[in-house]
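The structure under discussion appears below in the form of structure tokens.
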Amino acid sequence: MIEVCVVGELNLDLILYGLPKDLVLDCEHLASDMAFTLGSSSGIFAHNLCLLGTPVGFISKIGTDPLGKMAAERLAEAGVDLSRMKQSTGNTSTGLTVVLPQPQHRYMLTYPGTMFEMQYSDIDLDYVRSARHFHLSSYFLHRALRPQILNLFQQAKQAGLTTSLDTNDDPENEWAQDLLEVLKYVDVFLPNEREAKKIARTENFSQALEFLSGLAKVVAVKRGSAAATCRSGSEQWSAAPPRVTVVDDVGAGDTFDSGFIHAYLLGAKLEDCLAFANLAAAYSVTKPGGTEAFRDRGGLFSFIGEQWNRMGRGALPLKTQKK
């Protein structure tokens with residue numbers, strides 16, 4: 001039995017470290033290191049949520065190429081159920097993202113591939129309804145599915161599921177208003193600060209939070225090394241992440257999502273969900289890529305347990321999943 005059904009994109013990340021800030025055309029730039037790891041917001045979320053102990057089923061579409069096989073294998077190793085995964089019958093390849101990290105920001109170059117092709121008919125609705133919770137990532141990358149995303153959330157809510165959404169970036173920078181209707185069916189909305197402001201069409205963070213909390217039941221906003229903020233109705237909490245040695249912040253936001261939803265489904269108070277999400281994200285940045293740190297489950301549980309005890313927050317919202 002799955003507890004969370006994730007619908008989203010799946011691809012690998014090729015991360016090139018140590019490149020100059022200004023890339024000059026026709027010049028060969030040498031990276032100092034690289035990582036080839038599981039990518040995609042949906043994939044990182046599903047992988048890390050499952051390793052926290054929440055059973056996850058994943059619905060996506062991949063190509064027949066080796067990249068799709070590698071991405072699926074990495075999810076399966078974490079225990080994610082891929083029985084409803086679809087494979088393209090055409091020539092479209094699985095997507096790939098090339099990440100070029102810089103000290104404060106990063107370049108992200110994505111070939112969408114099959115993530116543009118997944119459509120409503122690829123979704124097993126009975127499988128979605130069998131879960132307790134429904135999650136969707138990368139709203140603006142699902143070009144074929146997007147016209148039916150509202151229907152997906154409505155179906156989930158009608159079946160009694162709780163729901164969550166992380167839009168991630170809009171490559172076209174339009175932030176179209178069809179999203180606002182979807183948010184009315186979202187229990188936990190998980191944008192970062194920039195996305196929150198773009199969706200609310202304001203540069204004022206407080207105004208953005210006020211606007212979004214009038215749509216989704218809970219809004220949890222990621223703010224990098226600054227204090228993350230959670231709001232539900234008129235109640236609001238903030239929590240700063242612990243200080244760690246950052247190796248790579250790729251996937252930190254998606255891991256924050258997984259930590260928040262894991263604690264949320266265990267019935268934790270929202271302020272504890274926020275604190276737990278911070279710990280999950282902090283641990284994820286200690287190794288390259290968005291999932292490598294979580295593959296060390298012993299280190300993961302040790303880090304979270306030690307940090308939680310230091311905060312003195314009471315019972316730890318963590319369970320281990322038998323493999």
Side-chain angles (χ1 to χ4, degrees), residues 1-6 8 10 12-13 15 35-58 60 70-83 85 131-133 135 137 164 166 190 222 228 241-268 272-311 313-323:
M1 289 288 293
I2 62 170
E3 290 191 31
V4 177
C5 181
V6 179
L10 182 62
L12 294 177
D13 280 349
I15 310 171
F36 198 44
T37 184
L38 180 67
S40 71
S41 176
S42 304
I44 294 170
F45 172 84
H47 180 280
N48 293 348
L49 179 59
C50 197
L51 287 180
L52 283 170
T54 298
V56 178
F58 191 77
S60 188
M70 291 171 63
E73 287 175 347
R74 180 60 60 85
L75 277 179
E77 287 172 7
V80 177
D81 178 28
L82 303 179
S83 61
M85 178 81 73
R132 290 179 54 206
H133 183 89
H135 178 86
S137 294
S164 56
D166 186 346
L190 297 153
K222 300 158 281 192
R243 292 184 179 182
V244 295
T245 300
V246 178
V247 174
D248 185 351
D249 64 0
V250 170
D254 308 312
T255 307
F256 176 100
D257 297 352
S258 70
F260 195 100
I261 296 304
H262 174 80
Y264 181 80
L265 291 176
L266 287 175
D272 286 344
C273 293
L274 190 65
F276 190 86
N278 273 337
L279 295 185
Y283 186 72
S284 77
V285 305
T286 61
K287 290 187 180 180
T291 58
E292 294 305 311
F294 271 57
R295 299 178 77 188
D296 176 8
R297 298 188 80 204
L300 167 66
F301 295 157
S302 177
F303 173 85
I304 289 179
E306 289 174 4
Q307 293 289 334
W308 193 265
N309 288 335
R310 287 179 188 174
M311 293 187 292
R313 302 193 73 93
L316 175 64
L318 186 63
K319 61 182 179 180
T320 57
Q321 178 184 359
K322 294 181 180 180
K323 293 295 187 78

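For this chain, numbers begin at 1 and follow the sequence in order. Note that the structure is a prediction, hence the values are computed from the model and not measured. Reckoned from all heavy atoms, side chains included, excluding hydrogens, waters and symmetry mates.
Taking each heavy atom of Val56 and Thr54 in turn, the nearest pair found is CG2-O, 3.1 Å. Smallest separation of non-hydrogen atoms from Ile44 and Gly290: CG2-O, 3.6 Å. Nearest approach of Thr37 to Gly289, heavy atoms of both residues: CG2-CA, 3.8 Å. When all heavy atoms of Gly8 and Ser42 are compared, the pair lying nearest together is CA-OG, 3.1 Å. Residues Arg132 and Leu265 share a closest heavy-atom pair of NH2-O, 3.0 Å. Taking every heavy atom of both residues into account, Gly43 and Leu10 meet most closely at CA-CD1, 4.2 Å.
Taken to the nearest 0.5 Å, the CE atom of Met70 stands 8.0 Å off from the CD atom of Glu73. Separating the OG atom in Ser137 from the CG atom in Asp166 is a distance of 5.0 Å, to the nearest 0.5 Å. Here Phe58 contributes atom CZ and Leu75 contributes atom CG; the two are 5.5 Å apart, rounded to the nearest 0.5 Å. In this structure, Ile2 CD1 and Asp81 CG are separated by 6.5 Å, a value rounded to the nearest 0.5 Å. In this structure, the separation between CG on Asp272 and CG on Leu316 is 9.5 Å, given to the nearest 0.5 Å. To the nearest 0.5 Å, atoms CZ (Phe260) and SG (Cys273) are separated by 4.5 Å.
Qualifying side chain to side chain contact (heavy atoms under 4.5 Å, CB included) partners for Ser164, counting only residues two or more places apart in sequence or in other chains: His133, His135, Val188, Leu190, Ile261. Judged as a side chain to side chain contact (heavy atoms under 4.5 Å, CB included), and not counting sequence neighbours, the contacts of Ala281 are Phe256. Residues satisfying the side chain to side chain contact (heavy atoms under 4.5 Å, CB included) criterion with Met311, sequence neighbours excluded, are Ala275, Leu279, Trp308, Arg313. With sequence neighbours left out, the side chain to side chain donor-acceptor pair (under 3.5 Å) criterion links Ser40 to no other residue. Listed by chain and number, the residues in a side chain to side chain contact (heavy atoms under 4.5 Å, CB included) with Val247 are Pro288 (sequence neighbours excluded).
Counting heavy atoms from C-beta outward, Leu12 and Arg74 have side chains that stay 4.5 Å or more apart. Leu52 places a side-chain heavy atom less than 4.5 Å from the side chain of Leu300. Residues Thr291 and Thr255 are not in side-chain contact: their nearest non-hydrogen atoms beyond the backbone lie 4.5 Å or more apart.
Applying the ring pair (Phe, Tyr, Trp, His ring centres under 6.0 Å) test to pairs two or more places apart or on separate chains, those with a residue in residues 273-299 are His262-Phe276, Tyr283-Phe303.
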Review point. Do Arg295 and Leu38 pass the side chain to side chain contact (heavy atoms under 4.5 Å, CB included) test, and can you show the C-alpha distance, the side-chain angles, and the key distance before you say yes or no?
Key: CA-CA 11 Å; Arg295 299 178 77 188; Leu38 180 67; over 6 Å; no
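Side-chain atoms of Asp248 come within 3.5 Å of backbone atoms of Val250 as a donor-acceptor pair (strictly under, hydrogens ignored).
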